[in-house]
K.L.:
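One structure coming up, written as structure tokens, with questions to follow.
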Amino acid sequence: MSFADFKKRSQSSINELTKKIEETNKKESYTDDRFWRPELDKSSNGFAVIRFLPAPDGEDLPWAKYYSHGFQGKGGWFIENCPTTLGQKCPVCEANSELWNSGIEKDKDIARNRKRRLHYTSNIMIVSDPANPQNEGKVFLYRYGKKIFDKINEAMQPEFEDETPINPFDFWAGANFKLKVRKVAGFVNYDKSEFDSASELFEGNDDQKETVWKTQYPLTEFTGASNFKSYDELKEKLYSVIGDDIRSTVSTETRAEDTVIDDSESNSDESGDALSYFEKLANE
């Protein structure tokens, strides 16, 4: 580069640098556009029809199952996947066991607040989304909890002999899932959600089924080893959040369990969408 060219470039450098600063300071978006969540009205009610999809190409299961912890301490938020998912030790679970076994009710409350939460993630196709009709016909990832998984299990293994088992994840003999959301005792609840009668997706059109199948997202990433921090890393993070005393807590005004969460099991041992909520809080 000649000095003359350098001189010309320097005249526009302030604009280039300003643009770079704006890009650097721009707040990173933590929204994963692959995931779908039902949109609720002001009363926390909502309705949508979804179709659970088969296992992605090359994978064995149509869902990923994993645990996480999400809680706030004096040093901020602890939002991490729990290595018990992989059958490994977890420093948070160990601390919770110590608190629970103390027999002191206050310690048990702290352990409850830091308990692990169960998540399932599956591929779904949106059949009907009145709040966002532009989603209909598209494939998304859907994170859900134990109660919805129980409904899936009940569909596959019905309780009574006059009920026909169905595989909700099957293209040909599966069923649409009517997601009915309402608020119960201050928490969003999915209890009235139910499977419709068995029906073929895109009846008679296997080409459309194949198109959907090929656009599904991999699920193994959610249980891959790279998605979990080591025991030592988690322990260091834990004590940076709670301090040296495992009994240290934040005020009740800021505890996550006291906040209404868009989740069917936000106050149970195994919740689904709570992880998204905690991640959002941690990154604000």
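Bear in mind that the values here come from a model prediction, so they are computed numbers and not experimental data. Note that these values count all heavy atoms, side chains included, but never hydrogens, waters or copies made by symmetry.
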K.L.:
Around atom CG of D162, are there more than 12 heavy atoms from other residues, nucleotides or ligands closer than 6.0 Å?
P.N.:
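For D162, atom CG is crowded (more than 12 foreign heavy atoms under 6.0 Å).
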K.L.:
Any luck finding a side-chain donor-acceptor pair between E221 and N227 under 3.5 Å?
P.N.:
no
K.L.:
Using a 4.5 Å cut-off on heavy atoms from C-beta on, say whether the side chain of F47 contacts that of R182.
P.N.:
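Contact flag for R182/F47 side chains = no.
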K.L.:
Is T85 reaching over with its side chain to a backbone N or O of Y67, donor-acceptor style, under 3.5 angstrom?
P.N.:
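Yes: the side chain of T85 pairs with the backbone of Y67.
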K.L.:
Any side-chain heavy atom of V49 within less than 4.5 Å of one from L179?
P.N.:
no
K.L.:
Under a 4.0 Å threshold between the charged nitrogen and the carboxylate oxygen, would E94 count as salt-bridged to K235?
P.N.:
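Salt bridge absent between K235 and E94.
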K.L.:
For Q134, look at atom CD and say whether over 12 heavy atoms of other residues, nucleotides or ligands are found less than 6.0 Å away.
P.N.:
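Result for CD/Q134: enclosed.
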K.L.:
Once rounded to the nearest 0.5 Å, what's the spacing between atom CZ of R116 and atom CZ of F71?
P.N.:
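With rounding to 0.5 Å, CZ (R116) is 14.5 Å from CZ (F71).
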K.L.:
Any Lys/Arg nitrogen of R112 or E105 sitting under 4.0 Å from an Asp/Glu carboxylate oxygen of the other?
P.N.:
yes
K.L.:
Taking the inter-plane angle between the rings of Y144 and Y120 on a 0 to 90° scale, is it parallel (under 30°), tilted (30 to 60°) or perpendicular (over 60°)?
P.N.:
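The rings of Y144 and Y120 lie parallel, inter-plane angle below 30°.
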K.L.:
Counting only N and O atoms by type, is there a donor-acceptor contact under 3.5 Å from the side chain of E233 to the main-chain atoms of S230?
P.N.:
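Between the backbone of S230 and the side chain of E233 there is a qualifying donor-acceptor contact (under 3.5 Å).
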K.L.:
Strictly distance-based, threshold 3.5 Å: is any side-chain N or O of K151 a donor or acceptor partner for the main-chain N or O of D191?
P.N.:
yes
K.L.:
Can you see which heavy atom on R114 is nearest to which on L99, and at what distance?
P.N.:
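The answer is NH1-CD1, 4.0 Å.
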K.L.:
Could you please spell out the steps behind the side chain to side chain donor-acceptor pair (under 3.5 Å) verdict for W36 and D129?
P.N.:
CA-CA 11 Å; W36 174 87; D129 187 353; 3.0 Å; yes
K.L.:
Is there a path of hydrophobic side-chain contacts, each under 4.5 Å between heavy atoms of I/L/V/M/F/W/Y residues, joining W172 to L201?
P.N.:
yes
K.L.:
With heavy-atom distances below 4.5 Å as the criterion, would you say the side chains of N123 and L141 are in contact?
P.N.:
yes
K.L.:
Rounded to the nearest 0.5 Å, what separates atom CD1 in I124 from atom CZ in R143?
P.N.:
12.5 Å
K.L.:
Going through the distances and angles, do C90 and E80 end up as a side-chain contact (heavy atoms from CB on, under 4.5 Å)?
P.N.:
CA-CA 11 Å; C90 170; E80 298 291 346; over 6 Å; no
K.L.:
Using the ring centroid of each side chain, check whether F52 and W63 are separated by less than 6.0 Å.
P.N.:
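Aromatic pair excluded; centres sit 6.0 Å or further apart.
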K.L.:
Could you go through the side-chain contact (heavy atoms from CB on, under 4.5 Å) check for K74 and I242 one step at a time?
P.N.:
CA-CA 6 Å; K74 294 179 179 179; I242 66 173; over 6 Å; no
K.L.:
Looking only at non-hydrogen atoms, find the nearest pair between L86 and A225 and report the distance.
P.N.:
CD1-CA, 4.1 Å
K.L.:
Is it the case that K180 places NZ or CZ above or below the six-membered ring of Y190, under 6.0 angstrom from the centre and within 45 degrees of the axis?
P.N.:
no
K.L.:
Please report the closest heavy-atom contact between T223 and K65, naming both atoms and the distance.
P.N.:
CG2-O, 3.3 Å
K.L.:
Compute both the distance and the angle, then confirm whether R37 meets the cation-pi test with Y142: under 6.0 Å from the six-membered ring centre, within 45 degrees of the axis.
P.N.:
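No; the conditions do not both hold, so R37 does not lie above the ring face of Y142.
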K.L.:
Are K214 and D57 ion-paired here, with the side-chain N under 4.0 Å from a carboxylate O?
P.N.:
no
K.L.:
Stepwise, does the ring-ring contact (aromatic ring centres under 6.0 Å, His included) test hold for F35 with F140?
P.N.:
CA-CA 5 Å; F35 281 88; F140 291 92; 9.6 Å; no
K.L.:
About how many Å separate NZ of K108 and NZ of K106, when rounded to the nearest 0.5 Å?
P.N.:
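Separation between the atoms: 15.5 Å.
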K.L.:
Do F78 and K237 make a side-chain contact, defined as non-hydrogen atoms from C-beta onward lying under 4.5 Å apart?
P.N.:
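Yes, side chains in contact.
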K.L.:
Quick one: closest heavy-atom pair of S122 and P62, and the distance?
P.N.:
OG-O, 2.9 Å
K.L.:
Roughly how far, to the nearest 0.5 Å, is the CG atom of N153 from the CD atom of Q157?
P.N.:
4.5 Å
K.L.:
Between T84 (side chain only) and G87 (backbone N and O only), is there a donor and an acceptor less than 3.5 Å apart?
P.N.:
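Looks like no, no N/O pair under 3.5 Å.
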K.L.:
Establish, for the pair K89 and Y231, whether the NZ or CZ atom is under 6.0 angstrom from the six-membered ring centre and no further than 45 degrees off its axis.
P.N.:
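Ring-cation test returns yes.
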K.L.:
What verdict does the side-chain contact (heavy atoms from CB on, under 4.5 Å) test give for V212 and F171, after you've listed the backbone C-alpha separation in whole Å, the side-chain angles of each residue and the deciding distance to 0.1 Å?
P.N.:
CA-CA 10 Å; V212 168; F171 278 138; 4.2 Å; yes
K.L.:
Please report the shortest heavy-atom distance between A175 and D196, naming the atom on each side.
P.N.:
CB-O, 3.3 Å
K.L.:
Judged by atom type as modelled, is there a donor-acceptor pair below 3.5 Å linking the side chain of E59 to the main-chain atoms of L219?
P.N.:
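Indeed, once roles are kept as given, a pair shorter than 3.5 Å links the two residues.
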K.L.:
Check this for me: does any side-chain nitrogen of one of D206 and K209 sit under 4.0 Å from a carboxylate oxygen of the other?
P.N.:
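Result for this pair is yes, salt bridge flagged.
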K.L.:
Step through the shown structure and confirm whether more than 12 heavy atoms of other residues, nucleotides or ligands are within 6.0 Å of CD on E163.
P.N.:
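Atom CD in E163 is crowded, with more than 12 foreign heavy atoms closer than 6.0 Å.
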K.L.:
To the nearest 0.5 Å, what is the distance between CG on N113 and CG on D109?
P.N.:
9.0 Å
K.L.:
Taking the side chain as C-beta and beyond, is there a heavy-atom pair between Y217 and P56 under 4.5 Å?
P.N.:
no
K.L.:
With a cut-off of 6.0 Å (strictly less than), are more than 12 heavy atoms of other residues, nucleotides or ligands near CG of D60?
P.N.:
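Atom CG in D60 is not crowded, with 12 or fewer foreign heavy atoms closer than 6.0 Å.
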K.L.:
Look at the side chain of D170 and the backbone N and O of A173, then say whether any donor-acceptor pair between them is shorter than 3.5 Å.
P.N.:
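Side chain of D170 to backbone of A173: a pair is present.
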K.L.:
Checking the side chain of S44 only, and the main-chain atoms of L40 only, is there a donor and an acceptor separated by less than 3.5 Å?
P.N.:
no
K.L.:
Indicate, with yes or no, if I246 and I104 share a hydrophobic cluster defined by side-chain heavy-atom contacts under 4.5 Å among Ile, Leu, Val, Met, Phe, Trp and Tyr.
P.N.:
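As far as the 4.5 Å side-chain criterion goes, I246 and I104 are not connected within one cluster.
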K.L.:
Distance from S68 atom OG to F222 atom CZ, nearest 0.5 Å?
P.N.:
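If we round to the nearest 0.5 Å, S68:OG and F222:CZ are 12.5 Å apart.
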K.L.:
Step by step, would you call R117 with H69 a side-chain contact (heavy atoms from CB on, under 4.5 Å)?
P.N.:
CA-CA 6 Å; R117 291 172 169 82; H69 295 278; over 6 Å; no
K.L.:
Shortest non-hydrogen contact from L53 to Q216?
P.N.:
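L53 and Q216 have their closest heavy atoms at CB-OE1, 3.6 Å.
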K.L.:
Quick one: does E136's side chain get under 4.5 Å of S128's, heavy atoms only?
P.N.:
yes
K.L.:
Under 3.5 Å, side chain of Q208 to main-chain N/O of F202, donor-acceptor pair present?
P.N.:
no
K.L.:
With the side chain counted from C-beta on, respond yes when M125 and I50 share a heavy-atom pair under 4.5 Å apart, and no when they do not.
P.N.:
no
